[in-house]
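Reviewing the structure listed below.
Just so it is clear: chains get the letters A, B, ... in the order the sequence lines come, proteins before strands, and each one is counted from 1.
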There are 2 protein chains.
Amino acid sequence: MASTAAFAATAALAGDPTRAAMLLALMDGRALTAGELASVAGVTPQTASGHLARLVEAGLLVVEAQGRHRYHRLASPLVARMVETLISIAGETQAPPVRVGPRDAALRHARTCYDHLAGRVAVGITERMVATGALVLGDDGGELTGSGQQLLLRIGIDVPAPGRGRRAFCRPCLDWSERRFHLAGVVGSALLDGLLALGWLRRTAGSRAVTVTPAGEQGVRGAFGFDPRASAGPETSLRRGA
Amino acid sequence: MASTAAFAATAALAGDPTRAAMLLALMDGRALTAGELASVAGVTPQTASGHLARLVEAGLLVVEAQGRHRYHRLASPLVARMVETLISIAGETQAPPVRVGPRDAALRHARTCYDHLAGRVAVGITERMVATGALVLGDDGGELTGSGQQLLLRIGIDVPAPGRGRRAFCRPCLDWSERRFHLAGVVGSALLDGLLALGWLRRTAGSRAVTVTPAGEQGVRGAFGFDPRASAGPETSLRRGA
DNA sequence: GGGATGCTTCGGCGCAGACCGAAGGATCAC
DNA sequence: GTGATCCTTCGGTCTGCGCCGAAGCATCCC
């Protein structure tokens, strides 16, 4: 085998609770300082420092020094995808360990997932786009149709051409809270950026949660035919995913 | 957060070298007995038993008792996908740790990857299909075109209709040895099954390696315009993927 | 029935590694 | 320069867990 050892080492890195907390904290795509990550993970700076060094050395994170701060972020979308997959599996298999709190409620409603939008709002928009033929989704592959492209262009979101590049253009991403799919890849990323630029969504400080502005409620309803407030509905309960 | 603990626990499960060896051994989709897995991982049966119990309890494996044997296999394609992703990252980031041997050479040439074909032959076929318009691949999403469907039908492989089902229909899977994409999902699975049924490929005992039969060399060349023997060429060297 | 095989549970050993306190650069503000 | 932050390295402690030997069930064969 090429290397069971390398495989195990990589998984083990993500398998420590402290490092796991760090990886999850970086899932919104931002870069955080070593101190912030220490705080997020609930350990002292010197402990965090050791963990971060290992994550960087293994290529899961990249670090950029800026003055006396050292900013860490996920090394690549591939790493984000690994984290996503692990979240899916963990959610899939574990019984709900603790009661969900109000903070979780906000996250379930709308949040960033690395570089795209996740949560009920994201799932709702995605499913409406599929229903109206703006989007074709298999389970792991997808395509933005001509009408979809026009739909986005109409609200001022210009999606770059597919191209043969190495970056995923359009793909579904399993939503850990909804167990249904939302939109990721280049299209998903452009969508999030666009909605933020339009002022329809606003990031919240210190959290991956995203709030829908009043303008956003109206805009999303008009453009996608989906009411973001409707997403306060009952829990979905799809047990077995993909 | 939903559960850092569950996330870390799942990753930690895959992070132990012994369990990692077991997961990798199950990646060809077959079910193996506890004893076989103990042997693969190089531990005593009682040690293996403990590990397997934990993997089953976490939902990564499912077990089926048959007489005095207990057959274990991956619980779902989602788990296989997690393993794939980890393999990609491990290969991506680690410097090649040891010299590759002849056993690796066979694996690099053609092997099964859970339920589909991987290795140079798989990558070659996939890329030829893309070049001839039988297949459209983004980076994470894909589509089998009408001409692709006909191509497969012509050699006797009937791909089930896409459908809206939860199973991935057609998607690229990053090949750990080639760092390029091969075909996975329903189409990839149907392709592997078809080529085995045609007698073009043959599984080897005790390994994920697959050999191309003489009939297979001719058939693949004729059907896909790709010469499996040509894949003994120089190493590819794509450094940074996705 | 008796014996072989496959797997599990129990108990104890030993090591990897996660943690923190203390101390040592590096960079910024003044 | 002095002092304050931010981060790292070093040393030492301690827990968690991976491992095996021994023993106990279950299943199959004869």
Each nucleotide N or O in nucleotides 6-15 of chain C that has a protein N or O under 3.5 Å away: list the pair and distance.
residue	atom	partner	partner atom	Å
C/dG6	O3'	B/R68	O	3.4
C/dC7	OP1	B/A34	N	3.2
C/dC7	OP1	B/R70	N	3.4
C/dC7	OP2	B/G35	N	2.8
C/dT8	OP1	B/R70	NE	3.4
C/dT8	OP2	B/S49	OG	2.6
C/dT8	O5'	B/S49	OG	2.9

Q) To the nearest angstrom, how far is A/L61 atom CG from D/dC7 atom P? A) 14 Å
Q: For A/R19 and B/A8, indicate whether the former's side chain and the latter's backbone hold a donor-acceptor pair under 3.5 Å.
A: no
Q.
What is the separation between atom CD on A/E64 and atom P on D/dC7, rounded to the nearest whole Å?
A. 14 Å
Q) Just to confirm, is there a sub-4.0 Å distance from OP1 or OP2 of C/dC19 to any side-chain nitrogen or oxygen of A/T18? A) yes
Q.
If we check side chain to side chain contact (heavy atoms under 4.5 Å, CB included) with A/L74, which of these qualifies: A/L60, A/V62, A/L55, A/L26?
A. A/L26
Q) Could you state the CG-P distance from B/L13 to D/dC17, rounded to the nearest angstrom? A) 11 Å
Q | Set of side-chain contact (heavy atoms from CB on, under 4.5 Å) partners for A/H69, sequence neighbours left out | A | A/T33, A/Y71
Q) Quick one: does A/S88's side chain have a donor or acceptor within less than 3.5 Å of a partner on A/E84's backbone? A) yes
Q | Protein-nucleotide distance (A/D16, atom CG; D/dC17, atom P), rounded to Å | A | 11 Å
Q: Keeping the roles fixed (side chain from A/H51, backbone from A/A38), state whether a donor-acceptor pair exists under 3.5 Å.
A: no
Q.
From CG of A/L37 over to C1' of D/dC6, roughly how many Å is that when rounded to an integer?
A. 13 Å
Q | Below 4.0 Å: OP1/OP2 of C/dA18 and any side-chain N or O of A/R54 | A | yes
**Q.** Residues in side-chain contact (heavy atoms from CB on, under 4.5 Å) contact with B/A190, at least two apart in sequence or another chain
**A.** B/I157, B/V159
